[in-house]
Structures are given as C-alpha cells and as structure tokens.
A.B. asks: 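First the structure, which I've put down as structure tokens, then a few questions once you've had a look.
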Amino acid sequence: MSQYQMSIKEAKQEVIHTLRIYLSRNEWGQYEIPAEKQRPVLLMGPPGIGKTAIMEQIAAEEGIALVSYTITHHTRQSAIGLPVIREREYNGKSFSVTEYTMSEIISSVYDKMEQTGLKEGILFLDEINCVSETLAPTMLQFLQYKTFGTHRVPEGWIIIVAGNPPEYNKSVRPFDITTLDRLKRIDITEDYLAWREYAYAHHVHAGILSYLDIKKNHFYQTETSIDGEEFVTARGWEDLSRCLLAYEKQKLPISTATIHQYVQHEEIARDFANYYELFCRYRQHYNIPAILSGAALNQDCPEGKDAAVLLSHLGEAPFDEAVSVLGLLLGQLSERFYDLFQTDAALSLVHKALQRLRGWLTTSRKSPECLLQEEYERMEQTRRTEKAAGQLSEDRERQILLALSQLSHIRGQLLEDPEIMPDTFFDRAKGIFAAAVEQYSHSADAARQALTNCFLFLERVFADRQEMVLFVTELTLNPHAAWFLLEHGCDKFYEYNRELLIDDKKTELKKRIHKLSL
C-alpha cells in the first residue's frame, strides 16, 4: 500500500492540476508537454468512493468535455473496431491489407467534439484493470500509445483511467512495470471527512450524516463472511440517501431490508436501521420548525410550553441523541441555505439576460417580446450544450431551470399587460425582476433569523458544551451554509466562531509552551 495515498478531495485537486499543465500552451500555441509525453492518469482506489463523480465535477469546473466508459462493458471489437480488407499496391504489386474501422470509444470522442464544439476534454475509462483476457493487450497498447487499433485519441484529450486494487476485485489483472512506467498513478483511500464535505454539498440525508459522525468506522467497510462479501461504500450511502428522501416524500415505510439493498453489510445495515428509527422519533419529538421560528423559546405559545420539557430533556440527553438533534437542525437550515444559493445563482443569470436585452433593444429592429424569447432560447441552448458536453451538474441545471422559469414569468406578465409599449417594455421587465429580488431578500432575512433562533435555543440547552462547538464547526464545513454566512451574515455565528478561534489559539499556544519546556 502506498504511503502517498490521497483522499478523493485531494485526488480531485491533483487531477485538476494535471489537466492544467497538460492543456497549457507555449507562445507558439503548442502544448507545453507534447501529447505523446502526457502520461495517462491512473486513479487506483476502492470501489464506490467517487472516482467517476469527480470526473463529472472536474469537466464542469474546467469547462471541458467528458466521455466516460466502463471498459469491462466492451468487447475487443467495440474497443478497437472491426477488421476491413483493403487493397494496397506495393512495388507495383497489389496486396490485401487488414485495416480497422474506428473504435466506438474514439468515435464517441469525435462525436462529443461535434456536439459541443469543445476540442479539449477527458476520456475516462473505469475498471481499466478488470478487462477480459482478450481485451487486456488492447488496454496495454492504449495506455502505452494512446491508440485503439489504428486510431489515436485526439490531441487535447486527456486520458484518465481508474482501477480497483486486487483485494476488492477478483478480476483484477496487474499492470507490468513497462505499463506503470508510462502512467501518472494516484492512489486513493476512503476518507469520511473529505466525503462529508461532498455530502453536505449534495444534500445527503441528515440522518446518515449524524449516524456517520457518531460511527465513522461504518463509512466504508469490505469483508468476507460465511455468507459471502459484505460491504458498505460512499456510493452506497449516497444512493441510500436518495432512497430515504424519496421514501419520506411519499410517506412509505423504510425497513431494514430496504436499507440493506444499499448498505450491503448486515450488521451495519441493522445498526443504521435502528438509528434511523430513533432519528425519526427525534424528528417527531423535537419540534424543529418551532425551534427555527423562535416559538420554542416563547412561553406564551403552546410550542414554547411544550419546548420547556424538551429543553430540560435534551440538556440531559446522551451525546448520540444531541448529535441527532443537531443533525435535524442542520438539515433543515441547510435546505434553506441551498434554496437561497440556487435562487441567487438563477437571479444572476436572469440579470445578465436582462442586461443583454437592454443592449439589444437599442440596436435591434426586432420586437421586445421576440428579443426576450431569444434570451430564453439562448439560455435553454446553453443548458443543452452543457448537458451534451457532460458539464451540467444537478445544481447548475436547477439554476438554469429556475432562471428559465423566471424569464418565462416575466414574459407572461408582460404579454398579459394590454398597455405595455415598446419604450416601457424594459422598465416593466425590470420591475418584475426587482419583485423577485425583493422576495429573495425576505427569504434570506428569514433564514438568518432562523439561524439566530437556533443559536438562542442551543445556548439555552448546551451553553458552552462541546455540542455548541460541533454545531459551529459543521456550519463552516457545509458549503451552502458557508456561502450564506459570507453573503448574508449572522451575528450569533460570528460571536461563537470568534470564541472558537480564540480557544484554538489558546490550545496552540499551550502546545508551543509545552514544546519549549521539554
């Protein structure tokens, strides 16, 4: 096992750095590192930790295309193409020569370039060391010479492949030194803290996060029992999260068997099922909406009277129960922060569209309604292009769809106004947009107050205990919460965060004094 293992977060950054140096050009427009000297990147790590997911993120963030394949799904024919007999003449004599049609994989790269207009991208092949015996020589040739059959990967396309260590897959074929010496190898290991940051950004169920905060060793496990392989992976937890959220939305019962379909480790599945049952009970027992609205601390309302008992109970509750309640609070706050983040991004897109509309209104002979419709169609085409390029994340697509909905609303409002005139069209559109911005501002104020109410509640229950430190820390780790605090602020957060930083400095100072005394 390599001592230079990386978390998936660190590996993502390393791949981004590799892409940037491979795609950088000199003053003559040539790649700084020639294509033939650009080593393919090999991501070697356990299954289900997010190797494929980071490829999608990287392509979107770097503005390049992505073609992704699981190579074990391919035969030798689909990888290198089919043989074709050609007639060739050498030294005046005619010969039949075998050539190959273009590989399905290489042709997909060219198709992607035509669909998106992007000339640079990532060709990602997963399970590279698990191919069949007939395909193995082709893969070695591909990694060494960047060709499938007689067709080369286009210049500007970076090859990234992924594989599993042999302890996770019995089909693994080890690479020889000759092949490994042509690769840029990155060894990845499972890392819960790195995954948790990703989980926050992708709205993983609060119950899963609070459970794993308590039992981090249950994040990733693989073992062999008398009943066969038992395992749980990062992918399993994320997929279970989607399942739980969908089941809860439909008010469907969730059994241990349902959980085991994703967490394929009997003991951990049973343990999480028990925890999830408790988590749901806490959700009913502790009135989270009343806490966030401030009613829980108001003795003049029914919620406040009921909360007095809960305040006392939670203050004496076991740490596991307190963590679960913090997870419930963070989950509902995170939903608000995420919705505001998405709305903010969508309003920015609409604002840019209206700015372009104002410019077109002064130079174009087209009607304002037609120009607004063109802005709508331009944004929709952007969505389709990014999706075809493999660059469109779920968040980005939602932002564009929200912006399209707002543009459609503006257009509908304008068309319903019989007194609208071309010279007042833009001012009216701006007024409708301003109303949407004001509504967003009110929602942000409400979210800030909800966070303040949460702090006031936790102050009453935990005061300066470690639960408050945990709550503040989790807010800083949640990317949408961090964005909200940066954009909109919260005095209570800054108060406790300042105290936390002071405590950190005191601890660091004590460590330095201790070292000096040795």
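Bear in mind the structure is a predicted one, so any value in this text is a computation, not a measurement.
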A.B. asks: Using a cut-off of 6.0 Å, state whether more than 12 heavy atoms not belonging to Lys352 lie near its atom NZ.
C.D. replies: no
A.B. asks: Report the residues that fulfil ring pair (Phe, Tyr, Trp, His ring centres under 6.0 Å) with Phe148, sequence neighbours left out, ordered by chain and then residue number.
C.D. replies: Phe142
A.B. asks: When you check the gap from the basic side-chain N to the acidic O, do Arg196 and Asp191 get nearer than 4.0 Å?
C.D. replies: no
A.B. asks: Please name the pair of heavy atoms, one in Trp157 and one in Ile122, separated by the smallest distance, quoted to 0.1 Å.
C.D. replies: CZ3-O, 3.3 Å
A.B. asks: For Asp187 and Gly45, indicate whether the former's side chain and the latter's backbone hold a donor-acceptor pair under 3.5 Å.
C.D. replies: no
A.B. asks: Within a reach of under 6.0 Å around CD1 of Ile85, are more than 12 heavy atoms found that belong to other residues, nucleotides or ligands?
C.D. replies: yes
A.B. asks: Calculate, to the nearest 0.5 Å, the distance between atoms CZ and CG belonging to Arg336 and Asp339 respectively.
C.D. replies: 10.0 Å
A.B. asks: I'd like to know whether Ser324 forms a side-chain contact (heavy atoms from CB on, under 4.5 Å) with Leu328, so could you lay out the CA-CA distance, the side-chain angles of the two residues, the decisive distance to 0.1 Å, and finally the verdict.
C.D. replies: CA-CA 6 Å; Ser324 298; Leu328 287 165; 5.6 Å; no
A.B. asks: Side-chain contact, heavy-atom cut-off 4.5 Å: Gln57 with Ile54?
C.D. replies: yes
A.B. asks: Just how far is it from atom CD of Glu238 to atom CD1 of Ile208, taken to the nearest 0.5 Å?
C.D. replies: 9.5 Å
A.B. asks: With a 4.5 Å limit on heavy-atom distance, are the side chains of Phe231 and Pro47 in contact?
C.D. replies: no
A.B. asks: Taking the side chain as C-beta and beyond, is there a heavy-atom pair between Phe124 and Ile58 under 4.5 Å?
C.D. replies: no
A.B. asks: Would Asn129 and Met44 satisfy side-chain contact (heavy atoms from CB on, under 4.5 Å), going step by step from the backbone distance to the final call?
C.D. replies: CA-CA 10 Å; Asn129 58 345; Met44 187 65 73; 3.8 Å; yes
A.B. asks: Ion pair present between Glu266 and Arg270, side-chain N to carboxylate O less than 4.0 angstrom?
C.D. replies: yes
A.B. asks: With a sphere of 6.0 Å drawn around OH of Tyr247, does it hold more than 12 non-hydrogen atoms of other residues, nucleotides or ligands?
C.D. replies: no
A.B. asks: With no hydrogens and no angle check, is any side-chain donor or acceptor of Ser408 less than 3.5 Å from a backbone partner on Ser405?
C.D. replies: no
A.B. asks: Please examine the side chains of Met113 and Pro154, heavy atoms only from C-beta on, and report whether any two atoms are closer than 4.5 Å.
C.D. replies: yes
A.B. asks: Side chains of Leu333 and Phe471: closer than 4.5 Å at any heavy-atom pair?
C.D. replies: yes
A.B. asks: Please name the pair of heavy atoms, one in Thr256 and one in Ala273, separated by the smallest distance, quoted to 0.1 Å.
C.D. replies: OG1-CB, 3.4 Å
A.B. asks: Checking salt bridge (Lys or Arg N to Asp or Glu O under 4.0 Å) between Lys12 and each of Glu61, Glu62, Glu56, Glu197, which is the one that passes?
C.D. replies: Glu61
A.B. asks: Could you walk me through whether Thr385 and Gln381 pass the side chain to side chain donor-acceptor pair (under 3.5 Å) test, one step at a time?
C.D. replies: CA-CA 6 Å; Thr385 301; Gln381 184 56 47; 3.2 Å; yes
A.B. asks: With sequence neighbours left out, what residues match Arg378 under side-chain contact (heavy atoms from CB on, under 4.5 Å)?
C.D. replies: Arg356, Trp360, Glu375
A.B. asks: If the condition is salt bridge (charged side-chain N to carboxylate O under 4.0 Å, His left out), which residues does Glu32 pass it with, not counting sequence neighbours?
C.D. replies: none
A.B. asks: Quick one: ring pair (Phe, Tyr, Trp, His ring centres under 6.0 Å) pairs with a partner in residues 7-36, sequence neighbours left out?
C.D. replies: none
A.B. asks: Would you check, one step at a time, whether the test side chain to side chain donor-acceptor pair (under 3.5 Å) holds for Thr258 with Ser255?
C.D. replies: CA-CA 5 Å; Thr258 304; Ser255 65; 3.1 Å; yes
A.B. asks: Main chain of Ser393, side chain of Arg398: is a donor-acceptor contact present, judged purely on distance under 3.5 Å?
C.D. replies: no
A.B. asks: Could you measure the distance from the CD1 atom of Ile106 to the OG1 atom of Thr147? Nearest 0.5 Å is fine.
C.D. replies: 8.0 Å
A.B. asks: Going from CZ on Arg39 to CG on Leu183, what distance comes out if it is rounded to the nearest 0.5 angstrom?
C.D. replies: 7.5 Å
A.B. asks: So, taking the atom named CG in Leu475 and the one named CG in Leu470, what distance separates them when rounded to the nearest 0.5 Å?
C.D. replies: 9.5 Å
A.B. asks: For residues Ile8 and Tyr198, determine if any side-chain heavy atom of one lies less than 4.5 Å from a side-chain heavy atom of the other.
C.D. replies: no
A.B. asks: On a heavy-atom basis, which atom in Leu23 and which in Gly156 lie closest, and how many Å separate them?
C.D. replies: CD2-O, 3.6 Å
A.B. asks: When you look at Asp395 and Tyr338, which way does the side chain to side chain donor-acceptor pair (under 3.5 Å) test go after all the steps?
C.D. replies: CA-CA 10 Å; Asp395 282 359; Tyr338 173 71; 2.8 Å; yes
A.B. asks: Check each of Trp195, Phe272, Tyr262 against Trp237 using the ring pair (Phe, Tyr, Trp, His ring centres under 6.0 Å) test, and report the only one that passes.
C.D. replies: Phe272
A.B. asks: Heavy atoms only: give me the nearest Arg396-Leu349 pair and the separation to one decimal.
C.D. replies: NH1-CD2, 4.0 Å
A.B. asks: Looking at Lys146 and Glu36, does any basic side-chain N land under 4.0 Å from a carboxylate oxygen?
C.D. replies: no
A.B. asks: For side-chain contact (heavy atoms from CB on, under 4.5 Å), just list the numbers for Leu330 and Asn478, CA-CA rounded to whole Å, side-chain angles, deciding distance to a tenth of an Å, and then say yes or no.
C.D. replies: CA-CA 9 Å; Leu330 286 164; Asn478 185 323; 6.0 Å; no
A.B. asks: Run Tyr192 and Asn217 through side chain to side chain donor-acceptor pair (under 3.5 Å) and show every step you take.
C.D. replies: CA-CA 9 Å; Tyr192 172 62; Asn217 61 318; over 6 Å; no
A.B. asks: Would you check if His205 and Phe279 make a side-chain contact, meaning some heavy-atom pair closer than 4.5 Å?
C.D. replies: yes
A.B. asks: Please identify which of these residues, Leu123, Val67, Ile105, meets the side chain to side chain contact (heavy atoms under 4.5 Å, CB included) condition with Val153.
C.D. replies: Leu123
A.B. asks: With sequence neighbours left out, write down each residue that passes ring pair (Phe, Tyr, Trp, His ring centres under 6.0 Å) with Tyr440, or none if nothing qualifies.
C.D. replies: His488
A.B. asks: Does this structure show an ion pair linking Glu380 with Arg383, if we count only N-O contacts that are shorter than 4.0 Å?
C.D. replies: yes
A.B. asks: May I ask you to test the Ile400-Glu386 pair for a side-chain heavy-atom distance under 4.5 Å?
C.D. replies: yes
A.B. asks: Which pair of heavy atoms, one from Ala447 and one from Phe337, lies closest together, and at what distance?
C.D. replies: CB-CE2, 4.3 Å
A.B. asks: Do Lys215 and Glu267 meet the salt-bridge criterion of a basic N to acidic O distance under 4.0 Å?
C.D. replies: no
A.B. asks: For residues Ile268 and Val263, report the shortest heavy-atom separation together with the two atoms involved.
C.D. replies: CG2-CG1, 3.8 Å
A.B. asks: Less than 3.5 Å apart, any donor N or O on the side chain of Asp320 or Tyr275 sitting next to an acceptor on the other?
C.D. replies: no
A.B. asks: For the residue pair His203 and His480, is the inter-centroid distance of their aromatic rings smaller than 6.0 Å?
C.D. replies: yes
A.B. asks: Can you measure from CD1 (Ile188) to NZ (Lys51) and round to the nearest 0.5 angstrom?
C.D. replies: 6.0 Å
A.B. asks: Pair Leu143, Arg182 - check side-chain contact (heavy atoms from CB on, under 4.5 Å), show working.
C.D. replies: CA-CA 7 Å; Leu143 292 174; Arg182 289 177 165 86; over 6 Å; no
A.B. asks: Do the side chains of Arg242 and Glu394 get close enough for a salt bridge, i.e. N-O under 4.0 angstrom?
C.D. replies: yes
A.B. asks: Not counting sequence neighbours, which residues clear side-chain contact (heavy atoms from CB on, under 4.5 Å) with Glu87? List them please.
C.D. replies: Ser94, Ser96
